[in-house]
Amino acid sequence: MILDGDGMVVGMKDAVKLIGISVISACAVMVCTLFLNFYMDIILIKDEIVSEQMMVFYQAQVSTAKVVCLVSGGCLLVTSVVMLLFYIKYYIDTHKKQLGILKALGYSNIKTAKHFWVFGISILMGTAVGTSGAFILMPWFYQLQNKDRILPNVVMHFHPSVLLYFVILPTAAFSLLAVLYACHKLKMPVLALLKETGMEVPKRITRMKKQPEKNNVRKDCQERSHVSYREQSFLSELRRSTLRSKKTLAFFMIFAAFCFSAMTQMSFSMKDLSSEMMGVMMLLIGIILACVTLFLAITTVVKGNTKTIAMMRVSGYSQKECCRALLGGYRFLSYIGFALGTVYQYALLRIMVDVVFKDFEGVPAYEFDFPIMFLSLFSFILVYEVVMHQYTEKIRKISVREIMSE
């Protein structure tokens, strides 16, 4: 952050940090651009359809494009909005003192908030990459959609409205949303901004280490049992406090597991329902979304609790106990996300097979694949625990001296 004649300027480096939003928007726009552009081109050949079978397949393709755009695009849109609002709030929380100085100097909320339009650049980056990727894949995608030559040749056209819908309008809308939300979050007293705030370290971060009494073994055992119970109570309280204060991060953890579960299981079903290439594309999108979201969420949790970790380390808690208290509560949420992703992919595929393609001959029946679910679950647990282990090591490397000297 720097100051100029207009007040605070949110630098380009701050916008680059929103790589998670760029990745999510790129995935959403790539999928939606493929299907929307195909939809715009396929409706042009409606007059060339001469048989009932062709009409059934045509209607199925049109319905598929609508369902994919609405479901996938809508889900990822909501996630992008939540992530954008979270980052703006996080930025304001970590720059309260500078913002308080600006307000004390007489800068209005809107004059300060207008510079937050820079956060919309993350959307521009993501949508531009997603649109470019979609047009690179589009020739292959068109061939795939009509691989059996049931419909007349669908010629690929460039539709300027696609750029309007998926690049220009999202960038403008997210930039405006960033400014309005920042203006809303800045509506607080100057003293509240100037006051140094952060996650309050619980008063009970202490380990009462008593020396054993030579002639009173029973009393010593009782004291040790009482201290152990109090420590466990504190760790549980800290775990609950972290979850309550980081509700948005809890959503990201659920979303990461949701994406991994839904996309990995759905990708294996694409071999019979669509094609192997479509399955590979969905698998890559799911893994990228899950890993990026998981990385951003856990990184934010660790960075936001460095002082708490330092105090716990000084008080004698091990790195394993620190990691369990701050990150352990998210494990159960991630399993909830995995279960939701499993239900989502099953419901979506059932709708596609039983509703969209119900009148089309040759569509294979779809049944829930338990072996694939267990394989996906095992892979998720492996990835999740490896990530948690890496962050346990990162917590171990946090310098207590540097934190306490800040």
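The first residue of the sequence shown is numbered 1, and numbering continues consecutively from there. Because the structure is a prediction, the values reported are computed rather than measured.
By the side-chain contact (heavy atoms from CB on, under 4.5 Å) test, L177 is found to be paired with V81, L84, L85, residues two or more places apart in sequence or in another chain being considered. Every ring-ring contact (aromatic ring centres under 6.0 Å, His included) that F258 has, sequence neighbours left out, goes to Y344. Applying the side-chain contact (heavy atoms from CB on, under 4.5 Å) rule to L377 yields the partners F338, I381; only residues at least two apart in sequence or on another chain are considered. Y384 is linked by a ring-ring contact (aromatic ring centres under 6.0 Å, His included) to F380, counting only residues two or more places apart in sequence or in another chain. Residues passing the ring-ring contact (aromatic ring centres under 6.0 Å, His included) test with F166, sequence neighbours excluded: none. Contacts of S334 classified as side-chain hydrogen bond (donor to acceptor under 3.5 Å, both in side chains), with partners at least two apart in sequence or in another chain: none. For I168, the side-chain contact (heavy atoms from CB on, under 4.5 Å) partners at least two apart in sequence or on another chain are L164. Every side-chain contact (heavy atoms from CB on, under 4.5 Å) that F368 has, sequence neighbours left out, goes to Q265, T342, Q345, Y346, F370, M373. Annotation: ring-ring contact (aromatic ring centres under 6.0 Å, His included) contacts of F135 (sequence neighbours excluded): F158. S376 is linked by a side-chain hydrogen bond (donor to acceptor under 3.5 Å, both in side chains) to T264, counting only residues two or more places apart in sequence or in another chain.
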- Please lay out, stage by stage, how F174 and F119 fare under the test side chain to side chain contact (heavy atoms under 4.5 Å, CB included). CA-CA 8 Å; F174 273 78; F119 284 102; over 6 Å; no
- Message: Pair I110, L186 - check side chain to side chain contact (heavy atoms under 4.5 Å, CB included), show working.
- Response: CA-CA 9 Å; I110 189 64; L186 289 172; over 6 Å; no
- Message: Run the side chain to side chain contact (heavy atoms under 4.5 Å, CB included) test on M40 and V162 for me, step by step, so that the C-alpha distance in whole Å, both residues' side-chain angles and the decisive distance to 0.1 Å come before the verdict.
- Response: CA-CA 10 Å; M40 291 180 173; V162 172; 4.1 Å; yes
- Give the C-alpha distance, both sets of side-chain angles, the deciding distance and a yes or no for ring pair (Phe, Tyr, Trp, His ring centres under 6.0 Å) between F116 and Y181. CA-CA 9 Å; F116 280 81; Y181 184 70; 9.4 Å; no
- Message: For a side chain to side chain contact (heavy atoms under 4.5 Å, CB included) check, start with the C-alpha distance between M125 and I121, then their side-chain angles and the critical distance, and finish with the verdict.
- Response: CA-CA 6 Å; M125 294 169 54; I121 293 179; 4.1 Å; yes
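With rounding to the nearest 0.5 Å, the separation of CG in L144 from CZ in F38 is 9.0 Å. For the atom pair CD1 (I136) and CG (L34), the distance works out to 11.0 Å, reported to the nearest 0.5 Å. Distance CE/M263 to CD1/I288: 11.0 Å, rounded to 0.5 Å. The NZ atom of K185 sits 14.5 Å away from atom CG of L180, with the distance rounded to the nearest 0.5 Å. Rounding to the nearest 0.5 Å places CD1 of I43 at 14.0 Å from CD of Q61. Distance CE/M253 to CZ/F255: 13.5 Å, rounded to 0.5 Å.
The salt bridge (charged side-chain N to carboxylate O under 4.0 Å, His left out) analysis of residues 379-388, with sequence neighbours excluded, yields the pairs R331-E385. Applying the side chain to side chain donor-acceptor pair (under 3.5 Å) rule to pairs touching residues 154-173 yields D41-H157, D41-H159, sequence neighbours excluded.
Using a distance-only test at 3.5 Å, with no hydrogens or angles considered, no donor-acceptor pair links the side chain of T33 to the main chain of M30. Counting only distance, with no hydrogens or angles, the side chain of S22 and the backbone of S122 share a donor-acceptor pair below 3.5 Å.
For the pair G120 and S175, the tightest heavy-atom approach, listed with the atom from each and the gap, is CA-OG, 3.3 Å. The shortest non-hydrogen separation linking G126 to S25 is CA-OG, 3.3 Å. I45 and N153 get closest at one heavy-atom pair: CG2-O, 4.2 Å. Here the closest non-hydrogen pair linking F260 and A290 is CB-CB, 3.8 Å. Considering all non-hydrogen atoms of both residues, L348 and M266 come closest at CD2-CE, 3.8 Å. The two atoms that bring M55 and I49 nearest to each other are N-CG2, 3.5 Å, heavy atoms only.
A heavy-atom distance below 4.5 Å is found between the side chains of P152 and M54.
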